[in-house]
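Just so it is clear, the values below take in all heavy atoms, side chains as well, and ignore hydrogens, waters and symmetry mates. These numbers were taken from a predicted model, which means no experiment stands behind them.
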Amino acid sequence: MSVTLLSSPLQGFTDFRFRNAFHQSFGGIDTFYAPYIKMNGKMVIKNNYQRDLNPEHNTVPHLIPQVMTNDPDEFLFVIKYIASLGYTELNWNLGCPYPMVTKQGMGSGLICNPMKIDEVLHKAHNESDITISMKMRLGYDEPSEILNVFPILEKYPIKNVAIHARLGKQLYKGGTDLDAFQRCVDQSSHKLYYNGDVTSVQAYRDLQERFPSIDHWMIGRGLIADPFLPQMIKNNTTKYPTNRWQIFKDFHDTIYKQYDEALSGPMPIKMKMLGFWEYFSQSFNDPKKVYKAIKKNGSPRNYIATVNEIFAKQR
């Protein structure tokens with residue numbers, strides 16, 4: 001069975017600069033999802049969202065915008081905006097676990113409200129012909145929450161439902177609930193994608209064996225921690241390229257240069273790259289030592305020197 005790999009959107013990480021560089025350097029991802037558009041009660045698309053979705057800024061083969069809302073009018077507003085750019089699909093985020101989102105009744109905090117989900121989908125399908133897909137968790141408090149939403153989803157031609165097999169209240173802590181995901185497979189007639197802890201080739205193989213009917217796999221944090229992972233899954237190998245560290249460094253240098261040009265001053269670029277190194281460091285022999293070395297740098301010059309030293313040691 002052929003496998004389709006998708007990049008799960010991660011706010012603050014997987015913008016167009018990252019996506020383009022990743023695709024050019026590593027490959028393996030068939031579809032990228034853009035980090036969500038959030039309206040905050042105003043019918044205005046922020047400039048950073050506009051830049052991220054601008055087709056001229058994106059060189060990946062397939063990109064799908066995503067929205068974070070619980071309001072039917074906001075949902076329709078975003079539909080019209082992304083359609084004006086030529087996009088034909090909108091992904092609805094019901095998976096975000098962070099309290100600042102869930103306390104507003106959005107993300108995974110909306111899964112317990114099937115009536116509101118129905119209201120949004122009804123308006124979207126009645127007043128547009130956009131293709132809608134879903135990104136969900138099992139629920140916020142209980143894994144049964146998603147099962148209560150399935151009868152609502154059955155009313156609509158949802159393209160697919162990507163399920164992160166955790167609860168919202170877990171954030172990213174604790175293990176995935178594979179038994180609960182199996183119940184979703186058993187009870188939903190929609191196309192399901194799997195998301196959650198696809199962090200190695202062996203982890204993927206184990207999950208594929210557990211869920212043989214699933215042929216779409218979404219990779220989130222694992223993709224940043226080990227950028228070679230998607231292509232290795234595609235090639236069914238656990239062997240890295242012989243020039244692994246040069247490829248990784250070239251990728252790092254590309255995104256560093258682009259973010260440095262886009263951000264103002266040394267502190268924003270330091271914080272931006274520090275976020276990436278929380279994940280990048282996991283590919284190295286001593287992750288804690290690597291991250292600590294990156295964290296203590298106070299200037300761009302010292303940062304670059306430290307990065308060069310870290311990669312040189314790996315080679």
Non-neighbouring partners of Y291 that pass ring-ring contact (aromatic ring centres under 6.0 Å, His included), sequence neighbours left out
none
Just wondering, more than 12 heavy atoms not from K191 lying within 6.0 Å of its NZ?
yes
Heavy-atom side-chain contact between [X] and [Y] under 4.5 Å:
| X | Y | result |
| --- | --- | --- |
| I29 | L223 | yes |
| F32 | F16 | no |
| W277 | V307 | yes |

Contacts table for residues 82-89: side-chain donor-acceptor under 3.5 angstrom, sequence neighbours left out:
unit_1: S84; atom_1: OG; unit_2: Y81; atom_2: O; d: 2.5
unit_1: Y87; atom_1: OH; unit_2: L53; atom_2: O; d: 2.6
unit_1: E89; atom_1: OE1; unit_2: K159; atom_2: NZ; d: 2.8
unit_1: E89; atom_1: OE2; unit_2: S133; atom_2: OG; d: 2.7

D206: which residues meet the side-chain contact (heavy atoms from CB on, under 4.5 Å) condition with it, sequence neighbours left out?
Q202
Which residues end up grouped with Y193 if you chain together Ile, Leu, Val, Met, Phe, Trp and Tyr wherever their side-chain heavy atoms are less than 4.5 Å apart?
L6, Y33, I64, M218
Apart from M115 itself, its cluster of hydrophobic side chains linked below 4.5 Å comprises none
Centres of the Y204 and Y194 rings: under 6.0 Å?
no
Looking at Y259, I'd like to know if the NZ or CZ of K272 sits under 6.0 Å from its six-membered ring centre while staying within 45 degrees of the ring's axis.
yes
I need the full list of side chain to side chain donor-acceptor pair (under 3.5 Å) pairs touching residues 53-67, with sequence neighbours left out, sorted by first then second residue.
R19-N58, N20-T59, T31-H62, Q66-N91, Q66-N93
